[in-house]
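All of these numbers come straight from a predicted model, not from anything done at the bench.
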Amino acid sequence: MANDLNKTRIDHLFSADIDLECWGFYPSVGGGVRVNSVPKSGEVFTRTEVIGEVVPGGEVTQLLRYNGVFELDGRITLKLNDGTLVYVPYTGKADFCTVDEIKEFAAGNIEKGVDVYFASPIESTDPKLDKMFVFAVGKLDNAKKPGKLMLDIYEYECLPL
């Protein structure tokens, strides 16, 4: 069995540029440094066309642990042009800084972007999308005061041989 590999398929589903409003920077919570934002608007698109929009509301949260890794958690809702709703609850991680830089970030002295990675069991009014489990890779423009989250979202399927 160790020599057998599962059959895996990965397809780009869509991308999203999400405008955020940062409403909380907590430099000293029990687990580290917390930053909270809410999606305001944005576009959903394929490589060739805009196919929808980001619904205002939900939440994008980051908790910078003392090891320099952000733990990500959030809820984003997308509305496609055909009326399909896609709810994207997610958890993920982002390698942000060294342990030595955490105090500087908490003091507000470090503002830089961060690469994000997360997985999501999306829910949708479209039965085809509702069965998908997706992952996303992207970039948060500013870890301290997020204004934009840019994501590429992929469907993946792993089947035993």
What closest approach, in Å, do [X] and [Y] show between heavy atoms, and which atom pair accounts for it?
| X | Y | value |
| --- | --- | --- |
| L20 | S37 | CB-CB, 4.2 Å |
| I76 | V54 | CG2-CG1, 4.3 Å |
| N67 | I102 | N-CD1, 4.0 Å |
| S120 | Y90 | CB-CB, 4.2 Å |
| L72 | Q62 | CD2-CG, 3.9 Å |
| D141 | G147 | OD1-N, 2.9 Å |

Connecting only ILVMFWY residues whose side-chain heavy atoms lie within less than 4.5 Å of each other, what is the rest of [X]'s hydrophobic cluster?
| X | value |
| --- | --- |
| W23 | Y26, V29, V38, L63 |
| L85 | none |
| V55 | none |

| Pair R9 + E155: basic N to acidic O under 4.0 Å | yes
| Qualifying residues under ring-ring contact (aromatic ring centres under 6.0 Å, His included), relative to F105, sequence neighbours excluded | F25, F70, F96
Cluster overlap [X] with [Y], hydrophobic side-chain contacts below 4.5 Å:
| X | Y | value |
| --- | --- | --- |
| L78 | M150 | no |
| V69 | L149 | no |
| Y87 | V60 | no |
| Y117 | F133 | yes |

Listing request: all salt bridge (charged side-chain N to carboxylate O under 4.0 Å, His left out) pairs with a residue in [range], at least two apart in sequence or in separate chains.
| range | value |
| --- | --- |
| residues 85-94 | none |
| residues 127-139 | D115-K139 |
| residues 58-79 | E59-R75, R65-E71, D73-R75 |
| residues 26-38 | none |

| task | Apply the test side chain to side chain contact (heavy atoms under 4.5 Å, CB included) to residues V116 and L151: give CA-CA distance (whole Å), side-chain angles for both, the deciding distance (0.1 Å), then the verdict. | result | CA-CA 8 Å; V116 298; L151 297 173; 4.0 Å; yes
| said: So does L13 get a backbone contact from the side chain of D11, meaning a donor-acceptor N/O pair under 3.5 Å? | reply: no
| said: Side chains of V35 and P146, heavy atoms from C-beta outward: is any pair under 4.5 Å? | reply: yes
| query | Does F118 reach the side chain of V134, with side-chain heavy atoms less than 4.5 Å apart? | reply | no
Mind checking side-chain contact (heavy atoms from CB on, under 4.5 Å) for [X] and listing every partner two or more places apart, or none if nothing turns up?
| X | answer |
| --- | --- |
| E43 | F45, V50 |
| N142 | E111, K144, K145 |
| A106 | P27, V33 |
| Y154 | I10, H12, F135, V137, D152 |

| request: Check the side chains of S124 and D126 for a donor-acceptor pair under 3.5 angstrom, ignoring hydrogens and angles. | output: no
| For K148 and D19, what are the C-alpha separation, side-chain angles and deciding distance, and is it a salt bridge (Lys or Arg N to Asp or Glu O under 4.0 Å)? | CA-CA 5 Å; K148 177 147 329 241; D19 296 316; 2.8 Å; yes
| Would N36 and T61 satisfy side chain to side chain donor-acceptor pair (under 3.5 Å), going step by step from the backbone distance to the final call? | CA-CA 5 Å; N36 292 339; T61 68; 4.7 Å; no
